[in-house]
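Following: one structure in structure tokens, then a few remarks.
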Amino acid sequence: QVQLVESGGGWVQVGGSLSLACSASISIYPYYTMSWYRQAPGKQRELVAFVTAGGTIDYPTSVKGRFSVSRDDARNTVSLQMNNLKSEDTAVYYCNAKSSTDTVWGQGTQVTVSS
């Protein structure tokens, strides 16, 4: 019933930028923490960024200073701005919405960073 749809993936050269968007079919405020995860081939899915309804944001060291997450609660969207991309950023990127009672995943969007 709840749906998340990612968009904005594609191909980019090392050092370039991409912006991903996640559109939710539900109102994400005030109950949902919104996150971006990524999964490279042969690797575990890993957290890239999260932003709570209260505005708390965090990133892992691997992307801190390069990625920026934001949410537009009026439009039920979440964005991930990715700058200075590296080859190791290549992965399928997934949007996630989590409340105290449910967790929803998007279908993923491919990001390929060329060497």
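All heavy atoms count here, side chains included; hydrogens, waters and symmetry mates do not. The model shown is predicted, which means the values in this text are computed figures rather than measured ones.
Residue pairs meeting the side chain to side chain donor-acceptor pair (under 3.5 Å) criterion with at least one partner in residues 44-55, sequence neighbours excluded, are Arg38-Glu46, Gln39-Arg45. Listed by first and then second residue, the disulfide (SG to SG under 2.5 Å) pairs involving residues 32-83 amount to none (not counting sequence neighbours). Identified under the salt bridge (charged side-chain N to carboxylate O under 4.0 Å, His left out) test for residues 18-35, with sequence neighbours left out: none.
Proximity of Ser27 to Asn76: side-chain heavy atoms (C-beta onward) are separated by under 4.5 Å at one or more points. Residues Met34 and Cys95 form a side-chain contact, since some pair of their non-hydrogen atoms from C-beta on lies under 4.5 Å apart. For the pair Phe67 and Asp89, the minimum side-chain heavy-atom distance is below 4.5 Å. In this structure, the side chains of Asn96 and Phe50 stay at 4.5 Å or more apart for every pair of heavy atoms. Two residues are said to be in side-chain contact when any heavy atoms from C-beta on lie closer than 4.5 Å; Glu6 and Tyr94 meet this criterion. Using a 4.5 Å heavy-atom cutoff, the side chains of Ile28 and Val78 are in contact. The shortest distance between side-chain heavy atoms of Trp36 and Val69 falls below 4.5 Å.
Checked against side chain to side chain contact (heavy atoms under 4.5 Å, CB included), Val5 has the following partners two or more places apart in sequence or in another chain: Gln107. Applying the side chain to side chain contact (heavy atoms under 4.5 Å, CB included) criterion to Asp72, with sequence neighbours excluded, gives Ala74, Arg75, Thr77. Scored by the salt bridge (charged side-chain N to carboxylate O under 4.0 Å, His left out) test, Lys64 finds Asp58 as partners (sequence neighbours excluded). By the side chain to side chain contact (heavy atoms under 4.5 Å, CB included) test, Ser87 is found to be paired with Val14, Ser115, residues two or more places apart in sequence or in another chain being considered. The side-chain hydrogen bond (donor to acceptor under 3.5 Å, both in side chains) search around Ser23 returns none, not counting sequence neighbours. Considering only residues two or more places apart in sequence or on other chains, Asp102 meets the salt bridge (charged side-chain N to carboxylate O under 4.0 Å, His left out) condition with none of them. Under the side-chain hydrogen bond (donor to acceptor under 3.5 Å, both in side chains) criterion, Thr101 pairs with Ser99, not counting sequence neighbours. With sequence neighbours left out, Val111 forms a side chain to side chain contact (heavy atoms under 4.5 Å, CB included) with Leu18, Leu20, Met82, Tyr93, Val113. Residues passing the ring-ring contact (aromatic ring centres under 6.0 Å, His included) test with Tyr37, sequence neighbours excluded: Trp105.
The hydrophobic cluster containing Val92 does not contain Val63, counting ILVMFWY residues as joined when their side-chain heavy atoms lie under 4.5 angstrom apart, directly or transitively. Residue Tyr32 is grouped with residue Ile57 when hydrophobic side chains (ILVMFWY) are merged at heavy-atom distances under 4.5 angstrom, including chains of intermediate members.
A distance of 9.0 Å separates CG of Asn83 from CZ of Arg66, quoted to the nearest 0.5 Å. From Leu85, atom CG reaches atom OG1 of Thr90 across 8.5 Å, with rounding to the nearest 0.5 Å. One finds the OG atom of Ser17 at 7.5 Å from the CG atom of Asn84 (value rounded to the nearest 0.5 Å). We find the OG-OH distance between Ser100 and Tyr31 to be 9.0 Å, quoted to the nearest 0.5 Å.
Checking side-chain atoms of Thr109 against main-chain N and O of Gly9 turns up a donor-acceptor pair under 3.5 Å.
Other residues, nucleotides and ligands contribute over 12 non-hydrogen atoms within 6.0 Å of the CD atom of Gln110.
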